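Read through the structure below, which is laid out as structure tokens, and then see the notes.
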Amino acid sequence: MNKQPILILLVMLLSSWAVPAVEDNFAFDDPAKRAAYLRLTEELRCPMCQNQNIADSDAMIAHDMRRKVYTLLQQGKSEQQVIDYMKARYGDFVHYRPPVTLATFWLWALPILFAAAALIYVVVRRKPAMPEDMAAKLARAEKLLEQDK
Amino acid sequence: MKKMPLVIIPLVLFALLVVFLFQGLFSDPRALDSQVVGKPLPHFELPDLMQPQTIYTPEVFKGDVTIVNVWGVWCVTCAVELPYLTQLSQQGVKFVGLYFDQDLDPDFGTKTLDRVQTEVTQMLGRYGNPYSFNIFDVYRDTSLDLGVTGAPEHFVIDKQGIVRMHHIGDINERVWASKVGPLYDQLQAQTFSSLKASQAGGEGE
């Protein structure tokens, strides 16, 4: 059996992932705004197709959000203002960078706490294993043997 | 004696992990924290779907408990829930449609209003019409303001025009009995004066 056709098909399938799912035609006169648009659509998360950003998603809501990002940028809003605008409607969920709150704090704290606990455990554990004075040990053993007699 | 706690620690951690992951089995990833619950509806001025010269603002919801149903003819689940919603509306539940169209791209309008109206009339004729009226969210801006992710979605609005619940997905008998219905009855029972009292209490906290 010739495996080449399968291989070609596989390569074609894999490469098709890299193609952006959507193409919009938004005209920017300012290259900085264009860069901001591309950054924002990468960073904002689609509430419908979760785990896709809005640049990648073809859901209608992602379409509308891209259009909104474009409109807001054209109105002269800053990137942070656009993010806040979306957060006010879809919650913190909509941005891929979660803010530090009491609930999300543990994402950073738990690994550090775990490492610290492990370190303490190792250090505490090692202490009883410290080599004792051999002579004292032998003396004690002698004593026990004496008793057994 | 000394070894006891050390054996227990991994067991406890494992048990906690099991509880956490087990809960995850039943959590709905699409249920987001709604940002509009407890707030008045965001401002809008939108036309009636059938009589575009009529313009609605959030004022239209004052005085009645209303369920705003976000829907469209292109949405299959909406068609599925229409008969049940119609049945509820016959029992006195007030439904208002927030209609938006998928093919009607605001920037490259491809669908005429006539066509949308015909499709809506056809679909409501076939499955039942629970709506007092339909608000046409032409540019889908109000949907965005409400944090709508798709259709169908429902907003329970109290007599003062404040959003009390955002339900993502359809309303069927189970959802009505366990989630939407109890709140609806509770809001319906509230008189205007008790509402004001509870609001004053809420602000005092």
Side-chain angles (χ1 to χ4, degrees), chain A residues 22-27 44-52 54 57-72 74-75 82-95 98-99 101 103-104 106-107 110-111 113-114 117-118 120-122 124-129, chain B residues 2-3 5-7 9-10 12-13 16-17 20 27-39 41-44 70-75 77 99-110 137-153 155 163 166 168-169:
Chain A
V22 267
E23 284 163 31
D24 284 314
N25 271 317
F26 289 131
L44 290 170
R45 182 174 179 181
C46 172
M48 187 71 183
C49 315
Q50 306 183 347
N51 291 344
Q52 272 193 310
I54 61 171
S57 171
D58 201 23
M60 186 172 52
I61 179 66
H63 257 278
D64 288 348
M65 284 168 76
R66 285 197 298 271
R67 190 157 46 83
K68 197 50 128 182
V69 168
Y70 173 74
T71 320
L72 291 174
Q74 289 298 71
Q75 283 169 7
V82 176
I83 291 169
D84 291 342
Y85 180 94
M86 290 300 174
K87 275 189 180 178
R89 281 154 185 79
Y90 290 97
D92 290 335
F93 173 88
V94 83
H95 197 214
T101 64
T104 58
W106 299 103
L107 292 175
L110 267 182
L113 283 178
F114 180 79
I120 291 169
Y121 175 75
V122 168
V124 168
R125 212 32 224 271
R126 197 170 277 174
K127 257 181 195 159
Chain B
K2 205 191 157 199
K3 268 191 181 168
L6 292 183
V7 178
I9 287 172
V12 169
L13 287 180
L16 285 176
L17 190 71
F20 178 72
S27 78
D28 177 9
R30 283 204 54 203
L32 306 176
D33 290 339
S34 180
Q35 305 296 305
V36 288
V37 170
K39 292 185 198 155
L41 278 169
H43 179 74
F44 62 83
V70 183
W71 74 292
V73 285
W74 42 268
C75 147
T77 318
Y99 187 86
F100 67 91
D101 213 287
Q102 201 168 29
D103 303 327
L104 196 79
D105 192 311
D107 293 331
F108 315 93
T110 49
D137 190 8
V138 192
Y139 290 92
R140 303 196 284 265
D141 275 336
T142 303
S143 300
L144 198 75
D145 285 344
L146 283 168
V148 168
T149 62
E153 292 193 13
F155 295 90
V163 183
H166 180 179
I168 294 179

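Computed over heavy atoms, backbone and side chain alike; hydrogens, waters and symmetry mates excluded. Since the model is a prediction, treat every value here as computed from it, not as a measurement. Order of the sequence lines fixes the chain letters, A, B, ..., with proteins taken first and strands second; residue numbering starts at 1 for each chain.
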Under the ring-ring contact (aromatic ring centres under 6.0 Å, His included) test, residues paired with A:Tyr70 that sit two or more places apart: A:Phe26, A:Phe28
Separation between CE of A:Met60 and CG of B:Asp101, rounded to the nearest 0.5 Å: 8.5 Å
Point-to-point distance, once rounded to the nearest 0.5 Å, from CG of A:Asp64 to CZ of B:Phe100: 8.0 Å
Distance, nearest 0.5 Å, that separates CG of B:Asp141 from CZ of A:Arg67: 6.5 Å
Residue B:Ser143 versus chain A: region with a heavy atom under 4.5 Å: backbone
Smallest separation among heavy atoms of A:Lys68 and B:Leu144, with atom names: CG-CD2, 3.5 Å
Selection from A:Ala59, A:Gly91, A:Ala62 maximising heavy-atom pairs under 4.5 Å formed with chain B: A:Gly91
Side-chain donor/acceptor of A:Tyr90 to backbone N/O of B:Leu146, under 3.5 Å: no
Atom pair CZ (A:Phe93) and OG1 (B:Thr149), whose distance is rounded to the nearest 0.5 Å: 9.5 Å
